[in-house]
Each structure stands twice: as C-alpha cells, then as structure tokens.
Amino acid sequence: MITQICRHIKNYFEYEFHPGSYTVSDGKISPWDFLSEGDFYRISGSRYNDGVHRHPASDLKDESFEGIVSLMALPDGFLKTVSEIESYCSADNTSSSPYLSESFGGYSYTRLTGSDGVGIPWQRAFKSRLNEWRKI
C-alpha cells in the first residue's frame, strides 16, 4: 500500500541513491551494505520488485537487475497516515454502500458519500492530510 500512496502523492522521500547491479536471492537483496534493519527503500529498474520495501524485506522475488535502490526518510506523520489508510481500506470503506454507520431505536445514520452513494476511495478521504507531502 505504501508504494501506491507514494506514487499517488509523487513523493518517495528519497535522500540517497545507489545505482548498480543487484541480485535478489531467497528474498534478500545484494549488495545491501548501505541498508540498516528497519530502513525503508525504493527499488527502481527491477522487473519484479519495483516499489517500496522495508529492510529486511520478505516480499522480494528472485532476479538480477540493473537499477537504483534509494534510501527513504519517511516522516512519522506520514507513516501514521499510511497505517490509517490501510485500516480504512481493510474496513472496506470503498464499498458501494451509502452508509458509514447506522443505529436503530431513534434511527440515525451517517452517509459515506454525497448523493452518488458510491464509497469514498482512500485518495479522496485522505486528500487533505496527504497534501502536506504531495509533490507537483
């Protein structure tokens, strides 16, 4: 999800670039001597692994490639927003139901959207919060 969010705001928070030849074997990237445990990094130029990962990554597919591995400096506020977006999406707030919540016994409801009745995608629901980090 973090790759999609960074792509959406056109900001990967990259600060250090390492172009070169890389090999992914048994889910581990080599060389990785510039990565520390917990570092976020972006792979570019790979056939299978382009995107944002956290070292040590468990989601990498084996391959060799010429590309760039960029270290990222993600602000805590951004990571908190990413977590909230992931929760929002897992709660299926993008469904077609027009209601966010309902209650009975003195009936009340909260509309999820305007008059179209379509769920709000995370891009729209978190737009104002993501604008802080958006690049044009």
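Quick caveat, the model's predicted, so the values are computed rather than measured.
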Between [atom1] of [X] and [atom2] of [Y], what distance do you get to the nearest 0.5 Å?
X     : Y      : atom1 : atom2 : answer
Ile43 : Phe65  : CD1   : CZ    : 4.5 Å
Asp62 : Asn49  : CG    : CG    : 8.5 Å
Ile5  : Trp133 : CD1   : CH2   : 10.5 Å
Thr3  : Asp50  : OG1   : CG    : 9.0 Å
Leu60 : Ser46  : CG    : OG    : 8.5 Å
Glu14 : Arg42  : CD    : CZ    : 4.5 Å

Hydrophobic cluster identity match, [X] and [Y], side-chain contacts under 4.5 Å:
X     : Y     : value
Phe40 : Met1  : yes
Ile68 : Ile2  : no
Met72 : Leu79 : yes

Discussion item. I want to check something: taking the side chain as every heavy atom from C-beta on, are Tyr22 and Ser30 in contact at a cut-off of under 4.5 Å?
Written reply: no
Discussion item. In the structure I gave you, are the side-chain heavy atoms of Asp39 and Arg54 within less than 4.5 Å of one another anywhere?
Written reply: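 The answer is no; the side chains never approach within 4.5 Å.
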Worksheet item: For the residue pair His53 and Tyr41, does the interplanar ring angle fall in the parallel (under 30°), tilted (30 to 60°) or perpendicular (over 60°) class?
Response: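 Aromatic pair His53/Tyr41 classed tilted.
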Discussion item. Is the ring pair Phe78/Phe13 parallel, tilted or perpendicular, if the boundaries are 30 and 60 degrees?
Written reply: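 Because their plane-to-plane angle lies in the 30° to 60° range, the rings of Phe78 and Phe13 count as tilted.
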Discussion item. Any side-chain to backbone donor/acceptor pair from Ser87 onto Ser83? Under 3.5 Å, distance only.
Written reply: yes
Worksheet item: Does a donor on one side chain sit under 3.5 Å from an acceptor on the other, for Thr81 and Arg129?
Response: yes
Item to complete: Check His8 against Leu130 and note the closest heavy-atom contact, atom names and distance.
Response: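 For His8 versus Leu130, the nearest heavy atoms are CD2-CD1, 4.3 Å.
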Worksheet entry | Audit row: Arg47, Lys61, side-chain contact (heavy atoms from CB on, under 4.5 Å) steps and yes/no | CA-CA 9 Å; Arg47 182 173 181 185; Lys61 294 182 182 177; over 6 Å; no
Worksheet item: More than 12 foreign heavy atoms under 6.0 Å from CG of Asp59: is that the case here?
Response: yes
